[in-house]
Amino acid sequence: MSSPLLELKNLHVHYGAIHAIQGLNLVVNEGEIVTILGSNGAGKTTTLHSISGLIPTSSGEILFDGKRIDKTPAFKIVSHGIAQSPEGRMVFPDLTVFENLEMGAYLRNNKEEVDKDLHYMFSLFPRLLERKKQLAGTLSGGEQQMLAIARAYMSKPKLLLLDEPSLGIAPILVKAIFDAIVEINKTKNMTILLVEQNAFAALKIADRGYVIATGEMFMEGKADDLITNEEIQKAYLGH
Amino acid sequence: MEYFSHLLLNSGIFIILSVSLNLINGICGQFSLGHAGFWAVGAYTGAAYGVYLAPDFLPDFVNLFISCGIGFLTAALAGVLIGVPCLRLRGDYLAIATLGFGEIIRIIIMNMDTVGGPRGFTNIPLWSNLFWVYAWVAITILVIANILRGTHGRAIISIREDEIAADSMGIYTFKYKTMAFVLGAGFAGLAGSLFAHANQFLHPNGFTFMWSVIILLMIILGGLGSITGSIVGAVILTFLPEMLRFMGETISEWRMVIYAVLLILLMLMKPTGIFGKHEFNVLSFLAKFTGKKKEII
Ligand SMILES: Nc1ncnc2c1ncn2[C@@H]1O[C@H](COP(=O)(O)OP(=O)(O)OP(=O)(O)O)[C@@H](O)[C@H]1O
Ligand SMILES: [Mg+2]
């Protein structure tokens, strides 16, 4: 078996005195969709931010492609092949949709390849094409989410980190967005680490899942097993 | 006539100051409150060159050019010293540090006898004229507008928009924040040198915190982030007090109150400033007349 694409080993993260991540172990293999579930404040965003280098880790290791990246600054992480679509979308509000996507491809020089990916994103999210010249800040919540995902994709990462893409979005659009995630994963063979509160939607498309609670691993397993697990159903699926 | 050309000269200097502050505050989104400090650094070092070092055999415009270069470099260096430690961090450290910097510079000058200390710096050669001031105005605007159009500009703007998102696009935000800040400081220093060689006299109290605020008002009035707005804001706030002066002594005394009222009115009617973040673009303006639209993508 080949080594995993991403590996967190006994990761600890503090915010001052708050011990937000307490010894997390996690593996993402190439080509997989892996989901991290957990309730508010469990530490999901913190985990993604530490992978992206946006917050410093206290101890433990983060390995990407076999190399340690836990001391690498955020702006270099992208060039290693990791891109994040941040929670709450965080598009550049005063730039147009098109300019936002260009920013996603900021580090890429091959114009032809970038154009190809732009067209791919526009075909995946036709709404963005219609609104190409609209300021991103004036898009609806769902459209901003699509843009955030597309913008992250535009750096053509090996690993795409998605932080709660279903947050505050109507069910019908959630389905469209999750379909797009699967499509990216299948046709582009892009590995995806998906943080979600919408456990059901996430487990339906994921290969494997991790459930974290107050910074610790609570449960992990195949998505199919988790979806039928009683504890999960009680806690997250509302059964 | 002379009075008018003096005003025009001052407004050119304030255009450089406001456009350069706009690069830091409006375009890059970093809150600097010390522009008068960088202005003072450039004014005093440029003037010191003029008084102590400038060789007589050089023509005035060459000496002015060297003086401007010195003003730019020393202010930019001050910008590096203040910016590098503050810009590594996110948040309001820069506002506090630049505020302190402006005052510290003033106190240092007060206590420097070679540049006149509290008596003021006199006998500065008259080298500035309308032509050279506006040549530098044009250069400042061209340099900054040109940076903005390229990929560097996008990076700088994206920091204002959302620094964390910019970080996660692979943008070395610290580098670009420093670039905008140091360049902005440098141009303020250049404006200082032009100012010194126009006025021929400098006094530390001419560079108080109040002036940092006035330059800030210029860019807020014009619209944070818009270069066109900064230019218009600078012109309005240089000419307005003079027009008020014509209206009589009492009105002139109420200058700052009138400023405040005007600003409050503007913010109520158009909170983003006169131009918002837009630019007046000759090409798109012409396109409106010819009916032709420039396709961007
Ligand atoms: N900048 C910060 N400073 C201090 N504490 C923080 C900070 N960011 C997060 N925390 C704390 O760390 C813990 C984990 O937060 P995190 O944002 O990772 O949760 P989450 O699982 O993403 O939650 P949600 O589903 O609500 O987004 C929380 O207790 C939170 O209060
Ligand atoms: Mg979160």
Side-chain angles (χ1 to χ4, degrees), chain A residues 45 48-49 51-55 72-109 115 118-119 122 129 132-133 135-137 144 147-148 151-157 160-163, chain B residues 22-23 25-29 84 87-91 147-180 223-229 271-273 275-279 281 284 287 293-297:
Chain A
T45 299
L48 289 195
H49 276 5
I51 297 169
S52 289
L54 291 167
I55 46 169
T72 311
F75 74 96
K76 283 195 185 142
I77 293 282
V78 185
S79 56
H80 282 75
I82 299 178
Q84 182 176 182
S85 163
E87 180 178 10
R89 307 183 271 274
M90 296 211 249
V91 295
F92 299 120
D94 287 321
L95 298 185
T96 65
V97 167
F98 187 79
E99 289 167 340
N100 265 272
L101 294 174
E102 277 186 328
M103 289 310 301
Y106 180 76
L107 292 179
R108 297 172 66 187
N109 296 318
D115 275 349
L118 259 175
H119 284 113
F122 282 141
L129 180 61
K132 188 161 80 166
K133 289 179 189 172
L135 293 185
Q144 287 190 21
L147 180 58
R151 186 183 61 181
Y153 176 88
M154 284 308 293
S155 73
K156 207 61 188 290
L160 184 60
L161 309 175
L162 303 174
D163 198 346
Chain B
N22 189 29
L23 175 64
N25 287 34
I27 296 166
C28 190
V84 167
L87 294 170
R88 282 204 186 281
L89 312 160
R90 287 194 190 103
I147 290 171
L148 288 188
R149 230 176 325 212
T151 43
H152 292 326
R154 277 293 161 67
I156 290 173
I157 291 171
S158 72
I159 296 170
R160 164 190 81 199
E161 299 275 288
D162 195 313
E163 194 171 339
I164 293 180
D167 258 326
S168 45
M169 298 294 104
I171 293 165
Y172 191 6
T173 49
F174 169 67
K175 178 179 116 184
Y176 284 109
K177 285 193 288 185
T178 308
M179 183 172 148
L224 274 177
S226 162
I227 296 176
T228 324
T272 52
F275 279 82
K277 288 195 180 77
H278 301 291
E279 299 294 352
N281 184 323
S284 57
K293 264 211 169 144
K294 195 174 51 143
E295 191 64 19
I296 310 167
I297 301 163

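Quantities reported herein were computed from a predicted structural model and do not represent experimental measurements. Order of the sequence lines fixes the chain letters, A, B, ..., with proteins taken first and strands second; residue numbering starts at 1 for each chain.
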query = Counting only heavy atoms not in A:His80, do more than 12 sit closer than 6.0 Å to its NE2 atom?
reply = yes

ask   = Which of parallel (below 30°), tilted (30 to 60°) and perpendicular (above 60°) describes A:Tyr106 and B:Tyr176?
value = perpendicular

task = Could you tell me whether the side chain of A:Phe92 reaches within less than 4.5 Å of the side chain of B:Asp162, counting heavy atoms only?
result = yes

query = Is the shortest heavy-atom distance from the side chain of A:Glu99 to the side chain of B:Ile157 under 4.5 Å?
reply = no

inquiry  = Within this structure, what is the OG-CD distance for the pair B:Ser168 and A:Gln84, rounded to the nearest 0.5 Å?
reply    = 6.0 Å

ask   = At what distance, to the nearest 0.5 angstrom, does CZ of B:Arg160 lie from CG of A:Leu95?
value = 7.5 Å

Residue selection (most heavy-atom pairs with chain B, distance under 4.5 Å) from A:Ile82, A:Val78, A:Ile77 = A:Val78

ask   = Taking all non-hydrogen atoms of both residues, which atom of A:Gly104 and which atom of B:Met169 are closest, and how far apart?
value = CA-SD, 3.6 Å

note = From the list A:Pro93, A:Ser155, A:Ala74, the residue making the most non-hydrogen contacts under 4.5 Å with chain B is A:Pro93

query = Got a second to check how far B:Asp167's CG is from A:His49's NE2, nearest 0.5 Å?
reply = 10.0 Å

